[in-house]
Student: 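So that we are looking at the same thing, I have put the structure below in structure tokens.
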Amino acid sequence: MIEPGSAAPDFALPDQDYNEVKLSDYAGGKLVLVFYPGDFSAVCSDQLALYQEVLGEIEQAGARLIGISVDSSDAHRAFREKLGLTMPLLADFHPKGEVARAYGTYSEEFGKSGRCLFLVDESGTVAWAYESPPLEVPGANLIFDALAA
């Protein structure tokens with residue numbers, strides 16, 4: 001996993017509506033990257049629903065939040081609709097896991113990313129990183145603690 005203090009790897013991925021989203025779109029602000037294994041799994045559903053509940057508070061703290069998984073844009077759109085999510089979900093679909101690999105969270109064995117959080121600061125540096133144990137939802141308190149640090 002990429003270490004805090006490293007330059008955040010750039011990316012350009014389609015969101016749930018096939019709009020290209022780049023890291024540079026968030027330059028000058030704080031960005032929370034939420035890598036998660038896959039849409040519609042129970043743990044991922046719980047995780048993103050939790051972040052949706054506190055999304056306004058995250059934004060009030062001066063950060064934006066986006067989710068990234070190896071699922072397709074179409075799957076992301078259906079997942080957002082099912083859970084009522086408003087944060088962008090980016091498709092690291094083709095080449096599969098390329099961005100997750102750049103952040104050091106892709107599992108070749110399972111063909112998906114781990115459950116990892118990254119805070120990218122205003123200068124494009126990874127300010128904080130967290131890798132969750134399997135099947136554990138990383139609480140929103142971790143994000144708020146990272147934003148306050």
Student: Over 60° means perpendicular and under 30° means parallel, so classify the ring planes of His76 and Tyr36, tilted if in between.
Tutor: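 Tilted: the ring planes of Tyr36 and His76 meet at 30° to 60°.
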Student: Measuring from atom CD of Glu57 to atom CD of Glu59, what distance do you get when rounded to the nearest 0.5 angstrom?
Tutor: 11.0 Å
Student: Which heavy atom of Pro4 sits nearest a heavy atom of Ala129, and at what distance?
Tutor: CG-N, 4.0 Å
Student: If we only count heavy atoms from C-beta on, is the Arg64 to Lys30 side-chain gap below 4.5 Å?
Tutor: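 A side-chain contact under 4.5 Å is absent here.
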Student: Of all the heavy-atom pairs spanning Asp39 and Ser69, show the shortest one and how long it is.
Tutor: OD1-OG, 4.1 Å
Student: Does Phe93 share a hydrophobic cluster with Leu48, counting links as ILVMFWY side-chain heavy atoms below 4.5 Å and allowing steps through other members?
Tutor: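 In one cluster: no.
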Student: I want to check something: taking the side chain as every heavy atom from C-beta on, are Val70 and Phe110 in contact at a cut-off of under 4.5 Å?
Tutor: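 Result no, sub-4.5 Å side-chain heavy-atom pair not found.
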Student: Are the side chains of Val54 and Phe144 in touch, meaning some heavy atoms are under 4.5 Å apart?
Tutor: yes
Student: Same cluster or not: are Leu85 and Val137 linked, directly or through other Ile, Leu, Val, Met, Phe, Trp or Tyr residues, by side-chain heavy atoms under 4.5 angstrom apart?
Tutor: yes
Student: State which residue, out of Val32, Asp46, Leu117, fulfils the side chain to side chain contact (heavy atoms under 4.5 Å, CB included) condition with Tyr51.
Tutor: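 Going through the options one by one, the only one that passes is Leu117.
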Student: May I ask whether Phe40 and Leu83 are part of the same hydrophobic cluster, defined by side-chain heavy atoms of I, L, V, M, F, W, Y residues being less than 4.5 angstrom apart, directly or through others?
Tutor: yes
Student: Going by the salt bridge (charged side-chain N to carboxylate O under 4.0 Å, His left out) test, which pairs reach into residues 72-89, not counting sequence neighbours?
Tutor: Asp74-Arg77
Student: May I ask whether Tyr130 and Tyr106 are part of the same hydrophobic cluster, defined by side-chain heavy atoms of I, L, V, M, F, W, Y residues being less than 4.5 angstrom apart, directly or through others?
Tutor: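 No, it is not one cluster - the side chains of Tyr130 and Tyr106 are not joined through contacts under 4.5 Å.
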Student: With rounding to the nearest 0.5 angstrom, report the SG to CG distance, Cys44 to Leu135.
Tutor: 9.5 Å
Student: Looking at Ala61 and Leu147, what are the two nearest heavy atoms and their distance?
Tutor: CB-CD1, 3.9 Å
Student: May I ask you to decide if Gly114's main-chain N or O and Thr105's side chain share a donor-acceptor pair within less than 3.5 Å?
Tutor: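 The answer is yes, because a donor-acceptor pair under 3.5 Å joins these two groups.
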Student: For Gly38 and Ser41, work out which heavy atoms get closest and say how close.
Tutor: O-OG, 3.5 Å
Student: Among Ile, Leu, Val, Met, Phe, Trp and Tyr joined by side-chain contacts under 4.5 Å, find the other residues sharing a cluster with Ile66 and list them by chain and number.
Tutor: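 Members alongside Ile66: Met1, Ile2, Phe11, Leu13, Val21, Leu23, Tyr26, Leu31, Leu33, Phe35, Ile68, Leu90, Val99, Tyr103, Phe118, Val120, Val126.
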Student: Is the backbone N or O of Asn19 less than 3.5 Å from a side-chain atom of Asp17, with the two atoms forming a donor-acceptor pair by type?
Tutor: no
Student: Which residue, Glu131, Glu136, Gln47, forms the side chain to side chain donor-acceptor pair (under 3.5 Å) with Arg115?
Tutor: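 Of Glu131, Glu136, Gln47, side chain to side chain donor-acceptor pair (under 3.5 Å) with Arg115 is met by Gln47 alone.
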Student: For Lys22 and Ala12, work out which heavy atoms get closest and say how close.
Tutor: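 Heavy atoms of Lys22 and Ala12 come nearest at CG-CB, 3.7 Å.
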Student: Roughly how far apart are Trp128 CH2 and Asp145 CG, rounded to 0.5 Å?
Tutor: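 If I round to the nearest 0.5 Å, the distance is 8.5 Å.
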